Amino acid sequence: MADSLPGIVTLTTDFGLSGPYVGAMKGVILSVNPRATIVDITHEVQPQRVEEGCFLLGAAWPHFPSGSVHVAVVDPGVCSERRGLAVATPAGFFVGPDNGVLSAALPDSARPRGFRGIAKPVRLPQGCVAVAISNPDYVRQPLSRTFHGRDVFAPVAAHLTLGVDIDTFGERVTSILALPLFRAVRKADGSLAGRVVQVDRFGNLVTNIRAVDIGGSDVTVEVEGAVVHGLTTTYGDGDDLVALIDSSGYLEVALPRGSAAELLDAGLDAPVTVRPVIVRLKRPQ
Amino acid sequence: MADSLPGIVTLTTDFGLSGPYVGAMKGVILSVNPRATIVDITHEVQPQRVEEGCFLLGAAWPHFPSGSVHVAVVDPGVCSERRGLAVATPAGFFVGPDNGVLSAALPDSARPRGFRGIAKPVRLPQGCVAVAISNPDYVRQPLSRTFHGRDVFAPVAAHLTLGVDIDTFGERVTSILALPLFRAVRKADGSLAGRVVQVDRFGNLVTNIRAVDIGGSDVTVEVEGAVVHGLTTTYGDGDDLVALIDSSGYLEVALPRGSAAELLDAGLDAPVTVRPVIVRLKRPQ
Amino acid sequence: MADSLPGIVTLTTDFGLSGPYVGAMKGVILSVNPRATIVDITHEVQPQRVEEGCFLLGAAWPHFPSGSVHVAVVDPGVCSERRGLAVATPAGFFVGPDNGVLSAALPDSARPRGFRGIAKPVRLPQGCVAVAISNPDYVRQPLSRTFHGRDVFAPVAAHLTLGVDIDTFGERVTSILALPLFRAVRKADGSLAGRVVQVDRFGNLVTNIRAVDIGGSDVTVEVEGAVVHGLTTTYGDGDDLVALIDSSGYLEVALPRGSAAELLDAGLDAPVTVRPVIVRLKRPQ
């Protein structure tokens, strides 16, 4: 079985790059499997923002080979009684605290409903198994209280790349904590109420409003008092804000060669509303 | 042929490290070639500064093994009609948008002349071939409008590491856009007029003035009203600005154990002038 | 011998990630050994803070496999006459300037005493050998004056991963410069006087006061005018500062879901005092 595994471990954390933490995790992984390929998704998740970690992991992991092991450590409850999980899905393995960050591993249909909010327990869908990590043979001894990324999740991830059976690490669990989908809500008047879920390095405002829910280009997009008329297909060269569909299929508000976030003083969670301008009738094929 | 390739892909982008973009590109590369070695040159190019991306790539790639694949994505025109290129040179492969960023791959003699400015078309020198990427079998489907780093350049780069022939990706082109060399200009009075092309983390001001053009140490260096007398060979310990030749052979202005950039309030593009103090006569050998 | 080496090179520098420097070093390493696994510890050491570089390297390298090669380049004296070293210890290899940064490689007993201060020469302990790098066959020619990370330390590290004997690189030396241990001092009144040695991304204040020296939880911790009563075992959820033992066994002051560094306006080197509240008598076993 190990022969068919790609030996890849991805890391998504809020540790930043200025401390010794990420290096220590990589040392632990390579001590178990010196041939592992370790890839940073990001270590710049805002400190303890579980939802942002889940969003970023969910945007990156589907591009990795099947059988990769994805470790996510955004863990405000590290010292408390929250469980540590290893989850196997048809697409790969996911390792981290049971606080919702691993819900990026679940199909949309398994995620709880709601605009946003705290993580809720959901049943694992068919084809997925999860264990609560407890086997002391696979975690660092003595176990620190504050750095389970190094002491629990890194060694378990490394052993998964070697083909160690997931049931080795602990007892099966049937439900895990999951965050609601990052989805806009349709209001009675037909508008879509969403919010900014990521501000990228260019100052583009990435929203949780899907192209498939917008349905067309004849809309207005409202954010922080500004109104953008219609969607474009390019960032363009003008002086005005534009709205377009990004590479993940979500609505994004951008300022050509500038920062929409700065212009609008808009950040994470800023409300965004999409209103239809013209109701088009679909012609039958 | 693939056996002789080192399987290395380098990445130079303006994506930053806080989003899922770099991780997504690496996932795509590893999905095509799980044995690829991926190396970040930098992802901190100032947003959409094509010239800076070209400069940084040019400073790093010559240190990599022959046959490495260098991907550069600084791409303000991603949604427009600019071409995506794969270029083969005797030193390796270069993949990215046709906007001048790939001119780092060209020998100096093939670059357009001029102090600075926009990219101009140049003929490819002998021994180099380039193709405009168009083969849909080697790009992600559906192709996003805004993330060709993931959808076009990453998969083409990964296939190049496997020995896929460059002509597979599209039709040959005979000229590509190239930026003028980052070179100082010699004035009629014998002075060299250059500028700051990089401010490093220490606040050192890296210029585009070459040691070989300066020719000796008996010069004055002027930048933002300050005058440095003579070149030194060490950063030293004093309280005064120093001028020296950096590790790439270019003039650099530094403040010992401090930041020249802060002291002078000098940044990218600040003018720098080098004037000869004594004209030395070369003795015949 | 090379067969038993893990082929791992770690990098700890103050180069930052926005320049071409780290990429150039990796290119040099991969040119010597294309199969090397290169891991960044951090490149965000404060510019020329040798002691911080030593601290971060010391916190990370023990987690790596035996035989790994650890390169540390925090090198304010790069242009001066300081030596470049390669050190072999039972745990692995260490390569960098002889300015104290490599003292992270030494056991505590070999480090000079003192609260803090400048590096002093110490004899290498038994089982360790060091050479002053001088063999021109293993450094880049021409050697730059300002970038020995690329021209000296990277190629030597890469050759060490291939099993090249350490004596190949230069003459043996019997003493190297080492920094005092990052240790708190016990005062006559029984208190421990330490300081902040790292501010992490969460604003937690990591001190140089060891759990083993504190001995129990019945203490007060004073930092920048604030007093914390007792140690806790979790970051918790309250509004008050907490003190706890971190994952490396050192005292840390934290603000639950906030930044202790911001609240106290405390940074590197801030004094921290631990005072016993109750003297417990140990019962004989």
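Only a predicted model underlies this, so the values are computations on that prediction, with no experimental measurement involved. Here is how names work: the chains are called A, B, and so on, in the same order as the sequence lines, proteins then strands, and each is numbered from 1.
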Partner chain C: residue of B/E44, B/Q46, B/H63 with the largest heavy-atom pair count (under 4.5 Å):
B/H63

Is [X] in contact with chain B via its backbone, its side chain, both, or neither, using a 4.5 Å heavy-atom distance?
X      : result
C/R35  : neither
C/D151 : neither
C/S31  : both
C/V28  : both

Check whether [X] reaches the backbone of [Y] with its side chain - one donor and one acceptor, N or O, closer than 3.5 Å.
X      : Y      : answer
C/T146 : B/S247 : yes
B/T42  : C/L17  : yes
B/R201 : C/D14  : yes

Hey, could you give me the OG/CG distance between C/S18 and B/L56, rounded to the nearest 0.5 Å?
8.0 Å

Using non-hydrogen atoms only, which part of B/I8 is less than 4.5 Å away from chain C: side chain, backbone, both, or neither?
side chain

C/F15 and B/D200: CA distance, side-chain angles, deciding distance, side chain to side chain contact (heavy atoms under 4.5 Å, CB included) verdict:
CA-CA 8 Å; C/F15 295 160; B/D200 75 13; over 6 Å; no

Within 6.0 angstrom of B/D265 CG, more than 12 heavy atoms from elsewhere
no

Pairs involving residues 15-33 of chain C, ordered by first then second residue, that meet salt bridge (charged side-chain N to carboxylate O under 4.0 Å, His left out) (sequence neighbours left out):
C/K26-C/D40

Can you name the closest pair of heavy atoms from C/P47 and B/F202 and give their distance?
CB-CD2, 3.5 Å

Looking at C/G27, C/P20, C/A24, which has the largest count of heavy-atom pairs under 4.5 Å with chain B?
C/G27

